Amino acid sequence: MVDSAASAGLATTRCKNGTSDHPQRFMPNQAVAGRAHGALRIDRLIGSARIRRFQRIWSSAPRPGGMRLDIAAGTAVRFEPGETREVTRVTLGGNAEVYGFSRLAQRATTDDPSSGPSGSTLPALSMNRLGSAPSPSTASDRSGYAALFIQQPTGLEAYFAIFSDTPPMHLDVKILDERLRGALPAYATPGSAGLDLKACVATPLTLAPGQTELIPTGLAIHLADPGYAALILPRSGLGHKHGIVLGNLVGLIDSDYQGQLMVSAWNRSATPFVIEPLERLAQLVIVPVVQAQLRVVEDFEQASVRGAGGYGSTGKL
Ligand SMILES: O=c1ccn([C@H]2C[C@H](O)[C@@H](COP(=O)(O)OP(=O)(O)OP(=O)(O)O)O2)c(=O)[nH]1
């Protein structure tokens, strides 16, 4: 649940309607819908919470159709506080029936719109207001939803956003080297992005200048979700002061990889470097990934300012 105390601050929405642009300030838990060229723009600030994804939900008009926000299934439109995102709406395909959303909005879009979302615990929300409510009991994290209702000449449209406090991500880890039991990598500070990976070598290992060695880390992870990958990056101190970087520059850990994490250690310096057992050698950063579906085109729809310019085309300074 998102309480209003967490919803401190003001959000700004710009509503464009063809010719004019009306910046508007409004209090948390309010929203304004602007329809610009078929797009719905919502700007949302919910304390530290993020709108995780927009889930279109239903619309009564025009039959048979509802509209949905034009984002790929399972992906998200992320809003940071104060940011605005523009999401185009498209007509629902298939039978235009929408189910799911923890049953909050379970209905066919051809249902009578005046009845509101069926099978729901949706509280009464007024038109064009953004509301929040406790998440359905099935939700394990502290998430909530926001609903936006728009009265169109042709009927009622509703949009829902699911948001959460970005709950911690759980990562399955296998310990392959007993020396790491009780000494798992940890984020050094609350703001750290990387987990240190240790060199699970049995004895000190000397890396000669220019030499590259694959060093075991004693850990295996399984990200499982293709929406994530992990990157192995050098530790800046080792790289800058001692020239110990990565032979592959960056290690990419696929979400389906279950083997031991290995660090390709490269001594790019002119002096030998001794890697001590359990020395922190590199760091692991987990990042979101979008798998794109390729769509072949003869030409791009819109010419960009940059075009094919690159490699310093914008100048040096
Ligand atoms: O620094 C690294 C880089 C990769 N890996 C593991 C995880 C990754 O998922 C797997 C394969 O890596 P990648 O796809 O980069 O290697 P490839 O050379 O393209 O091999 P493959 O054909 O197996 O994909 O190896 C590491 O442990 N450390």
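Only a predicted model underlies this, so the values are computations on that prediction, with no experimental measurement involved. Atoms within a ligand are numbered from 1 in the order they appear, just like the ligands themselves.
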Enquirer: Using side-chain heavy atoms (C-beta onward) and a distance below 4.5 Å, is Pro277 in contact with Cys200?
Expert: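 No; the side chains remain at least 4.5 Å from each other.
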Enquirer: Report the residue from Asn248, Val245, Leu249 that forms a side chain to side chain contact (heavy atoms under 4.5 Å, CB included) with Ser264.
Expert: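 In the set Asn248, Val245, Leu249, the residue that makes a side chain to side chain contact (heavy atoms under 4.5 Å, CB included) with Ser264 is Asn248.
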Enquirer: Answer yes or no: are there more than 12 heavy-atom neighbours, outside Tyr228 itself, under 6.0 Å from its atom OH?
Expert: no
Enquirer: Please tell me if the side chains of Lys198 and Pro185 come closer than 4.5 Å, counting only heavy atoms from C-beta onward.
Expert: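 Of all side-chain heavy-atom pairs linking Pro185 with Lys198, none is under 4.5 Å.
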Enquirer: So which residues, sorted by chain and number, lie with a heavy atom under 4.0 Å of ligand 1?
Expert: Ile232, Asn248, Gly251, Leu252, Ile253, Asp254, Tyr257, Gln260, Leu261, Met262
Enquirer: Closest approach of Leu197 and Val263, non-hydrogen atoms and distance?
Expert: CD1-CG2, 4.2 Å
Enquirer: Output yes when a side-chain donor or acceptor of Arg235 lies under 3.5 Å from a complementary backbone atom of Arg280, and no otherwise.
Expert: yes
